[in-house]
Structures are given as C-alpha cells and as structure tokens.
Amino acid sequence: MAAVRVETVLAAAEEQEAEKRRSITVEKELELEYDLGNLLAVDRNPPPAAALRGAGPRREALLRALARDNTQLLVSQLWELPAERAGGAGGPLVAQLPEPTFRLPREKPPPKPRPPTRWEQFARLKGIRRKKKTSLVWDEQAKEWRRRWGYRRAGGDPSRAWLAEVPAGADPEEDQFARLRREKRERVARNELNRLRNLARAHRAGSAVPAAPLHPTGHQDRDELRRVARVARTSTASLGRFQPRLPKEPAEPPSRSGGKKRRFEPLLGNLAAERSRQLELLRDMGSKKPVLDITRAVNKQLRQEEAEAAAANKGKKQSKRGKRGRRQQRPGRSGKKSGARRQPQQKPAGGGTGGGRRKKA
C-alpha cells in the first residue's frame with residue numbers, strides 16, 4: 001500500500017471546499033429583482049443567444065444551469081430572512097416571508113359577490129348589526145360545553161325530552177310531545193322554503209332574464225318541477241352525489257348549471273403536455289398569420305348581409321302592397337260617397353225656375 005502524503009490530502013480537501021463554495025456562489029452582471037413574499041426572482045440578464053438557437057443537449061444544459069443559478073440566488077436571499085423554530089426547539093426552521101410586492105395574475109376570474117338574502121336586506125334597512133356569538137355554550141344539565149345549535153346542542157332537543165311543560169291556556173288533553181315534533185317539522189320545512197327562495201333570488205339576480213319563482217304556486221308543470229328538484233339537489237356540498245334518488249331519476253349527479261360540467265387540468269400533472277401548450281400559445285402570439293378564421297368570418301358577414309337585404313325587401317313589398325290596396329279602394333269608396341251626396345242635389349226634369357238654361361226656338 002502506497003503512502004499518502006499529507007500535502008495531497010490537504011490539497012484534495014481544499015479543492016472540495018472550493019467546489020462547494022463555487023456551487024453556492026453565483027456571479028451576475030445585473031442583480032436579480034426579488035419578491036420574497038411570492039418566492040419570485042426576476043433575471044434581467046440577457047442569455048447568450050448563440051447557445052439558445054436550435055434544440056439540443058447544449059441548449060438544455062444551458063437552461064438547466066441558468067435555472068439552477070437563479071434558484072441558488074433566491075435560496076440565498078431566503079436564508080437572510082429572520083427565521084424561527086416551528087413547534088418548539090425540535091421543530092423545523094421556518095422563515096418569515098415579507099409582504100408580496102409583485103401582483104401575480106389570476107388563473108380564474110374573481111368570484112362574484114353573493115346577493116344578499118331577505119334577512120340581510122331587512123337588517124340593512126333597519127340598521128340591525130350582527131353580533132358574533134360563540135359556537136359553544138355551557139350546558140347546566142350535562143355539565144359540559146356543547147354546541148349552541150345543531151346536533152347535541154346545549155339544552156337538548158325539546159321534542160326528545162322526557163318531560164314537556166303544558167303551556168298556559170293549552171288543551172290539557174293535547175299531546176305536547178306530538179305538538180313539539182310537529183312544530184319542529186314546520187320549522188325545518190320553513191327553513192328549506194326560505195333556502196330555496198334565496199337560491200331562486202340569487203339565480204334571478206345572476207341572469208339577465210328573470211326566472212320563474214321556485215316556491216309552490218299550485219300549477220307547476222313538469223319542467224318547472226324538474227328544475228326545482230335539480231336546484232334542491234345541487235344545493236348540498238356534494239352537489240347531490242350522496243342524496244337519495246327519486247323514482248325515474250337519472251343516476252348521474254346533476255350539475256348546478258344544468259349543463260355540462262367543466263373540467264380543468266390538474267395543477268401537477270404531465271409537464272410535457274403543459275410545455276407543448278405553452279409553446280403553442282407563444283407560437284400563435286408570435287406568428288404573423290391572424291388567428292381569426294377568415295373564411296368563417298367572411299361567410300358570417302355574407303349571411304348577415306343577406307338577412308338584412310331580405311328583411312329590407314320584405315318591408316318594401318309590404319309597403320307597396322298597402323299602397324296598391326289603397327289605390328284600388330279609392331274609386332269605389334269615393335263613388336259611393338259621391339253618389340250618395342249628389343242624389344239630393346239632382347233637379348226634376350220638368351221643373352226648374354230661373355236658373356236653368358232655355359232652348360232657343
């Protein structure tokens with residue numbers, strides 16, 4: 001076994017240390033613009049144009065090296081932020097990000113504001129302010145904190161209590177437990193009716209054409225009842241997927257809009273397909289050929305002009321037909337009226353005084 005000199009070991013260690021230092025040290029002519037709130041770094045340095053021409057291993061290696069250097073600069077900036085341990089001394093090290101400064105574009109449009117319900121409109125009109133209440137209250141009977149409303153609420157359900165108080169002035173022979181259960185069913189039905197009315201009001205506010213009301217009117221047709229059932233089914237969080245089916249109802253879950261449900265691509269999926277879509281979009285934006293289908297646009301314009309010409313010719317024909325009818329009607333109408341008017345003015349054949357012409361002898 002050959003002896004290893006100390007100088008060789010030290011030189012190898014210094015070379016490894018220098019290589020590590022080079023891996024975290026990146027030199028740029030222009031400093032990057034950082035938005036640490038969005039974990040964004042913008043590189044203003046122009047890449048070498050000669051190396052980016054064409055597609056090959058050289059271009060891929062250059063792009064990978066450029067992405068690696070910019071990521072290293074961004075990570076170096078993150079290490080300069082104040083950090084703390086999450087969950088105690090043994091937890092992970094978490095950096096405190098500042099407020100974002102760069103406004104990122106949205107993939108989808110912002111959601112439309114929900115139209116106010118009837119109660120919200122009434123409260124705004126009367127100046128009623130909503131007071132925030134805690135969801136848990138102390139139950140004296142169970143000696144524990146329970147929900148204010150809903151299942152296992154504080155005080156329990158009065159319709160399921162073992163004792164029911166008879167109110168003053170009530171029939172002593174009346175079953176108070178049946179009355180409480182009936183009142184509960186009425187409250188549930190009233191709340192469901194108000195919920196459907198709010199949905200109908202929101203649907204009418206969102207559409208330009210006012211829709212028919214969803215409350216019972218006594219003479220609903222089949223289409224209206226089907227629409228009401230679809231709205232009631234899709235009002236749940238699962239869009240009616242786990243609701244019991246009615247007789248002769250299709251098995252597929254209906255959508256909120258009543259039409260075809262839109263499908264979106266997953267955020268983390270096939271990177272090659274996403275890259276091809278982005279390249280195709282950039283190619284369309286940079287091409288000189290118009291994206292508009294000229295043939296289809298010209299045909300549409302021709303159809304529109306033909307429809308306008310046909311409508312104009314139809315109006316002219318109707319106006320000419322009306323004039324011809326009035327012209328044909330004038331002589332008969334005027335003849336009747338003139339005959340009726342001139343008949344009293346005719347003079348008898350034998351009579352006549354003064355004003356008539358005399359025949360010469």
Side-chain angles (χ1 to χ4, degrees), residues 104-115 196-215 217 219-235 239-240 248-267 269-270 272-337:
L104 297 177
R106 293 179 59 95
E107 180 186 0
K108 299 178 180 62
K112 297 181 180 179
R114 180 182 58 84
L196 293 177
R197 286 178 175 175
N198 291 333
L199 290 175
R201 191 178 298 107
H203 180 69
R204 289 197 299 270
S207 60
V209 180
L214 291 180
H215 54 81
T217 58
H219 52 276
Q220 287 92 351
D221 54 358
R222 182 179 300 178
D223 296 336
E224 185 177 358
L225 293 176
R226 188 182 296 110
R227 184 170 61 87
V228 172
R230 185 178 67 249
V231 171
R233 176 177 295 281
T234 55
S235 301
L239 296 178
K248 298 181 180 181
E249 188 177 3
E252 65 273 4
S255 62
R256 289 182 181 271
S257 59
K260 194 173 182 180
K261 188 175 181 181
R262 297 184 300 172
R263 296 185 181 274
F264 300 96
E265 296 292 336
L267 298 179
N270 191 0
E274 183 179 359
R275 181 174 60 182
S276 63
R277 287 196 302 268
Q278 298 295 335
L279 291 177
E280 184 178 358
L281 178 61
L282 293 176
R283 193 181 305 110
D284 292 340
M285 294 174 60
S287 63
K288 297 182 180 180
K289 295 182 180 180
V291 185
L292 178 65
D293 191 352
I294 303 298
T295 306
R296 185 177 180 182
V298 170
N299 293 337
K300 184 177 181 181
Q301 182 66 22
L302 291 176
R303 287 194 300 269
Q304 185 176 0
E305 291 178 358
E306 291 177 359
E308 293 177 357
N313 294 335
K314 185 177 181 181
K316 290 181 180 179
K317 289 180 180 179
Q318 290 180 356
S319 62
K320 289 181 180 180
R321 188 180 305 168
K323 291 180 180 179
R324 189 182 303 122
R326 288 196 297 270
R327 288 176 183 174
Q328 293 177 358
Q329 231 176 11
R330 279 177 186 171
R333 183 177 58 182
S334 60
K336 290 181 181 179
K337 290 185 177 179

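- Across R106, K108, K112, a single residue satisfies side chain to side chain contact (heavy atoms under 4.5 Å, CB included) together with P110, and that is R106.
- Residues passing the side-chain contact (heavy atoms from CB on, under 4.5 Å) test with E107, sequence neighbours excluded: L267.
- Legend: residues meeting salt bridge (charged side-chain N to carboxylate O under 4.0 Å, His left out) with R114, ordered by chain and number and at least two apart, are E120.
- From L279, atom CG reaches atom CD of E274 across 10.5 Å, with rounding to the nearest 0.5 Å.
- Applying the side-chain hydrogen bond (donor to acceptor under 3.5 Å, both in side chains) test to every pair with at least one member in residues 299-309, sequence neighbours left out, gives these pairs: Q301-E305.
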